Amino acid sequence: MKCTVKAFGVTRDILGQREMMVEVNEGCTVGELKAMLFNQFPRLHGLRSLFIAVNSEYAEDARLLAAGDEIALIPPVSGG
C-alpha cells in the first residue's frame with residue numbers, strides 16, 4: 001500500500017525532497033516505517049529527536065498505517 005511522507009525542516013534536506021510516496025506492507029507500523037526511512041536515509045540518525053504525525057496527529061511507533069495515510073516527519077525546532 002502507498003502512503004505519502006512529508007518532510008519538514010532539516011528532514012526535507014536529508015530526504016532531498018519535500019514529499020515522497022512510500023510503499024509499505026499491510027500491517028506496517030509507524031515504527032517500522034521509521035526504521036525503513038532511517039535505513040534509507042542514515043543522516044536521520046543524527047537528529048536529537050524526530051516526531052511523526054499521521055494524518056495531522058502525533059503518532060506512536062505502534063500505530064498501524066493505512067493506505068493513503070499522510071505521514072509528517074517533524075524534526076526538533078529551535079528558536080527564541
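Just so we're clear, the structure is a prediction, and the values are computed from it rather than from any experiment.
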Who are the ring-ring contact (aromatic ring centres under 6.0 Å, His included) partners of Phe41, not counting sequence neighbours? none
Over all atoms of both residues, closest heavy-atom pair of Gly9 and Pro75: CA-CG, 4.2 Å
With side-chain hydrogen bond (donor to acceptor under 3.5 Å, both in side chains) as the rule and sequence neighbours excluded, what pairs involving residues 8-22 come up? none
Look at atom CZ of Phe38 and say whether more than 12 heavy atoms of other residues, nucleotides or ligands are closer to it than 6.0 Å. yes
Could you measure the distance from the CE atom of Met20 to the CD1 atom of Ile71? Nearest 0.5 Å is fine. 10.0 Å
Rounded to the nearest 0.5 Å, how far does CE of Met21 lie from SG of Cys3? 7.5 Å
Pick one: which of Val30, Leu33, Ile52 meets side-chain contact (heavy atoms from CB on, under 4.5 Å) with Arg63? Val30
Taken to the nearest 0.5 Å, the spacing of Leu65 CG from Met1 CE works out to 5.5 Å
Transitively linked via ILVMFWY side-chain contacts under 4.5 Å: Val22 with Leu44? yes
Provide the full list of side-chain hydrogen bond (donor to acceptor under 3.5 Å, both in side chains) pairs with a residue in residues 34-45, sequence neighbours left out, each pair given once. Lys34-Asp61
How many angstroms lie between atom CG of Leu64 and atom CD of Glu26, to the nearest 0.5 angstrom? 9.0 Å
Within one Ile-Leu-Val-Met-Phe-Trp-Tyr cluster: Val54 and Met36, side-chain cutoff 4.5 Å: yes
Does CD in Glu23 sit with more than 12 non-hydrogen atoms of other residues, nucleotides or ligands closer than 6.0 Å? yes
If you take all heavy atoms of Pro76 and Arg48, which pair is closest and at what distance? CG-N, 4.5 Å
Rounded to the nearest 0.5 angstrom, the CG-CG distance for Leu73 and Leu50 is 5.5 Å
